[in-house]
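Heavy-atom basis, side chains included; hydrogens, waters and symmetry copies ignored. In what follows, chains are A, B, ... by sequence order, proteins preceding strands, each numbered from 1.
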There are 4 protein chains.
Amino acid sequence: MKREKPKYKKIVDAAVSIIAQNGYHQAQVSKIAKEAGVADGTIYLYFKNKEDILISVFQEKMAVFADYVKEILEMDLPASDKLYKMIENHFKVLHDDRNLAIVTQLELRQSSKELRFRINEVLKEYLTLLDALLREGIDSGEFPADLDIRLARQMVFGTIDETTTSWVMNDQKYDLVELAPRVHKLLLSGMKG
Amino acid sequence: MKREKPKYKKIVDAAVSIIAQNGYHQAQVSKIAKEAGVADGTIYLYFKNKEDILISVFQEKMAVFADYVKEILEMDLPASDKLYKMIENHFKVLHDDRNLAIVTQLELRQSSKELRFRINEVLKEYLTLLDALLREGIDSGEFPADLDIRLARQMVFGTIDETTTSWVMNDQKYDLVELAPRVHKLLLSGMKG
Amino acid sequence: MKREKPKYKKIVDAAVSIIAQNGYHQAQVSKIAKEAGVADGTIYLYFKNKEDILISVFQEKMAVFADYVKEILEMDLPASDKLYKMIENHFKVLHDDRNLAIVTQLELRQSSKELRFRINEVLKEYLTLLDALLREGIDSGEFPADLDIRLARQMVFGTIDETTTSWVMNDQKYDLVELAPRVHKLLLSGMKG
Amino acid sequence: MKREKPKYKKIVDAAVSIIAQNGYHQAQVSKIAKEAGVADGTIYLYFKNKEDILISVFQEKMAVFADYVKEILEMDLPASDKLYKMIENHFKVLHDDRNLAIVTQLELRQSSKELRFRINEVLKEYLTLLDALLREGIDSGEFPADLDIRLARQMVFGTIDETTTSWVMNDQKYDLVELAPRVHKLLLSGMKG
DNA sequence: CATGAATGAGCATTCATTCAT
DNA sequence: AATGAATGAATGCTCATTCAT
């Protein structure tokens with residue numbers, strides 16, 4: 001499995017670092033290679049092309065979110081509390097890795113339409129888990145039976161995303177995690193109709 | 001006033017059309033000029049550079065949203081109804097101009113960070129109007145007095161934006177405007193807490 | 001005679017001024033037109049093209065040098081004294097019109113090969129007068145009978161030109177005219193063999 | 001040391017050839033690359049930009065002049081003979097490489113003011129060596145003790161330069177080297193006062 | 001596995017000149 | 001005579017990818 005090889009990980013981390021520092025359009029393959037301590041050509045032993053590096057960045061990092069949501073789902077808690085934990089975790093991960101926040105909220109969005117479709121596929125797993133959480137709430141009677149899951153998911157994700165982007169654009173100068181309770185309350189009210 | 005000259009408008013419209021058809025990175029100035037029926041050099045009599053065209057696209061089109069929200073604000077209606085009209089209008093404008101929807105939701109987001117900061121400034125007017133609407137609802141007692149306006153605005157805009165992007169990414173194959181009542185209900189519940 | 005019309009002169013003077021201030025490559029026709037207070041198109045009523053303006057600049061200004069040398073030649077003086085007057089005048093004209101010095105010594109030399117050939121033709125009149133002066137000196141016995149006039153002329157003009165260019169390149173910070181006696185002495189010795 | 005790599009030399013030689021054939025303004029980077037037998041991009045592995053190629057042309061070729069003058073200075077000869085050898089060498093190098101003569105006397109002079117300042121810095125070494133030669137002549141009593149070295153140097157270089165430019169402009173149709181004795185005699189007389 | 005020198009396609013912008021008014 | 005809006009040709013440089021070693 002190539003993604004377990006040390007150079008694979010080195011290159012992905014170098015990409016996050018270089019993109020966060022220099023911006024998407026200034027993140028040349030040669031810069032990433034240098035940061036990773038490998039030759040330019042070596043990149044192509046691990047990745048098909050530059051786009052493939054960026055998709056991998058997203059996959060690797062999104063996995064962290066998804067894995068935690070999976071854990072949350074298996075806990076013995078009301079759906080509402082699970083939603084809270086999910087929001088808090090989302091904010092916490094990005095708050096703790098500010099380079100990653102810059103990359104996911106700002107830089108990666110200026111990639112090509114094609115890349116963004118690929119990124120969306122990666123996002124889908126996360127969104128599917130969110131759907132599962134919402135369904136759980138409906139089944140348990142916490143959320144209304146007629147809740148439109150797709151719309152609710154778009155509200156939850158849209159709000160989280162907009163909140164995070166806003167925080168990044170304001171130079172991350174306030175505490176994102178502190179917003180979790182209020183965001184949770186807002187979304188919960190939305191859901192409960 | 002150069003933005004009233006017919007060529008100015010022609011070029012802006014050509015830009016929307018070319019970007020929607022070819023994507024942001026394939027929207028060369030020469031293509032836009034050809035579509036607008038002017039010489040390449042003529043573009044530079046009306047715009048400082050390529051980025052300036054794109055900012056103008058956004059400004060011109062966003063003005064349509066903002067102007068309508070201004071109208072709405074002056075109507076004699078409960079804040080909740082005004083919010084509904086705003087959502088419906090937002091969906092309607094993008095539903096009726098699908099090229100514009102592609103450009104604002106997908107293509108313009110892959111522009112440089114600098115351009116996106118400029119675009120955000122244009123967005124601010126829209127968001128400020130939204131803030132005014134929310135405040136109105138608080139003052140009238142429709143929305144809770146302790147509503148965090150910034151968060152609420154991020155929820156409203158984030159939900160609308162995510163819903164629209166999702167619709168565009170699904171090839172605009174369902175009716176976006178029909179979603180308005182449900183989105184409105186969701187958001188209203190969120191607000192009311 | 002078009003060159004007597006006021007706009008003709010205005011444009012030539014504007015060209016000297018704009019080239020001296022902005023440099024040859026930054027002296028666009030539109031800038032010259034603006035400085036001259038006419039429309040861009042008007043330039044083309046008086047000049048065939050941009051190159052024609054520059055040639056005219058040279059012609060108009062070189063005429064001043066040539067006219068004075070003609071006067072000198074008609075004076076009743078030894079050739080050696082005439083040479084002195086010529087050098088002094090050359091230095092004086094450029095010392096008094098520093099913009100002109102910048103234009104002739106630096107800026108106009110970065111014009112195309114073709115333009116420089118045309119400029120050289122204008123120079124030829126000046127050089128022919130210099131030849132006449134040298135011949136006078138030979139005929140009068142002041143200069144050796146076997147003086148190679150072409151070489152001598154190249155020495156005289158080359159020295160004057162190099163001295164002036166050197167002065168311009170040193171930001172005209174010393175007095176060029178004061179060099180005349182020493183330059184004259186040097187050249188005279190050279191001639192006398 | 002990149003300037004010893006074969007491609008570096010190939011590109012410099014190609015530049016001289018292309019500029020001589022096509023003129024400065026028609027010497028596109030792609031033409032130079034083709035003549036050198038490398039890809040356009042390869043140029044930029046060896047040179048910072050186009051201007052850097054031109055400066056390098058001058059540096060490489062001027063080094064030949066300077067190196068020979070250094071050799072001359074170390075010979076056991078009167079200053080007058082050294083001056084003769086210097087003039088003869090200058091003429092000989094340009095006589096034998098006519099493309100180089102065209103490039104240095106005509107084409108490179110139409111480069112930007114900035115480039116010409118850079119070129120002048122390269123020239124300075126040559127002129128400094130010439131100053132050393134003149135000083136030697138003064139010390140040995142061959143030249144007058146009150147010789148103004150700066151002026152004398154401007155006379156020597158101005159004359160050589162004007163003679164060469166004149167020869168190039170006349171399509172190099174006579175023998176430049178044959179002029180050496182006469183130019184030497186003229187300059188020597190000038191110096192001796 | 002790893003290297004890194006070499007490749008070459010692709011594009012925004014300027015500005016001399018024209019010509020309808 | 002004078003205007004100035006419109007034209008459109010022309011080019012230096014970057015950087016993702018390859019491949020001989």
For D:T42 and E:dA6, is the shortest distance between a side-chain N/O and OP1 or OP2 below 4.0 Å? no
Can you check the C:L45 CG to F:dA2 C1' distance for me, whole Å? 7 Å
Which part of the nucleic acid, if any, lies within contact of D:V29, taking any heavy atom under 4.0 Å across all strands shown: a base, the sugar-phosphate backbone alone, or nothing? sugar-phosphate
Can you measure B:Q26 atom CD to E:dA9 atom P for me and round it to whole angstrom units? 16 Å
Measure from CD1 on A:I43 to P on F:dC15 and round the result to the nearest Å. 15 Å
Select from B:V38 and A:A27 the residue whose nearest nucleotide in DNA chain F is closer to the 5' end of that strand. B:V38
Assign each of C:Y44 and D:G41 the nucleotide of DNA chain E bearing its closest heavy atom; nearer the 5' end lies the nucleotide of D:G41
Euclidean distance, atom CD1 of residue B:I53 to atom C1' of E:dC11 [Å, nearest integer]: 13 Å
Separation of F:dA10 atom P from D:K50 atom NZ, nearest Å, is 15 Å
Find the distance C:I11:CD1 to F:dA1:P and express it as a whole number of Å. 12 Å
Considering heavy-atom distances to DNA chain E, does B:D40 or D:D40 have its closest nucleotide positioned more toward the 5' end? D:D40
Check the angle between the aromatic planes of A:Y8 and A:F47 and answer parallel, tilted or perpendicular using the 30° and 60° thresholds. parallel
Do any side-chain nitrogens or oxygens of D:K34 fall under 4.0 Å of OP1 or OP2 in E:dG8? no
Which nucleotide wins on minimum distance to the side chain of D:Q28, given the candidates E:dT17, F:dT11, F:dG4? F:dT11
Among C:I18, C:V103, C:L54, C:L106, which residue satisfies the side chain to side chain contact (heavy atoms under 4.5 Å, CB included) criterion with C:Y24? C:L54
Identify the nucleotide, in any strand shown, that forms a Watson-Crick or G-U wobble pair with F:dT14, with both distances under 3.5 Å; if there is none, say none. E:dA9
Could you check how far CD of B:E51 sits from P of E:dA12, rounded to whole Å? 13 Å
On the nucleotide E:dA5, are OP1 or OP2 found under 4.0 Å from the side-chain N or O atoms that D:K7 carries? no
Considering only side-chain heavy atoms of C:Y46, which listed nucleotide, E:dA12, F:dA2, E:dT3, is closest? F:dA2
State whether D:F58 and D:K124 meet the cation-pi test: NZ (Lys) or CZ (Arg) under 6.0 Å from the six-membered ring centroid, and within 45° of the perpendicular axis. no
Within the supplied structure, the quantity of interest is the number of heavy atoms (other residues, nucleotides, ligands) at a distance under 6.0 Å from C:K10 NZ; does it exceed 12? no
Between CD of A:E107 and CG of A:N22, what distance do you get to the nearest 0.5 Å? 9.5 Å
Could you check which nucleotide pairs with E:dA16 in any of the strands shown, counting Watson-Crick or G-U wobble with both distances under 3.5 Å? F:dT7
Rounded distance (Å) that lies between atom C1' of E:dT13 and atom CG of B:D52: 14 Å
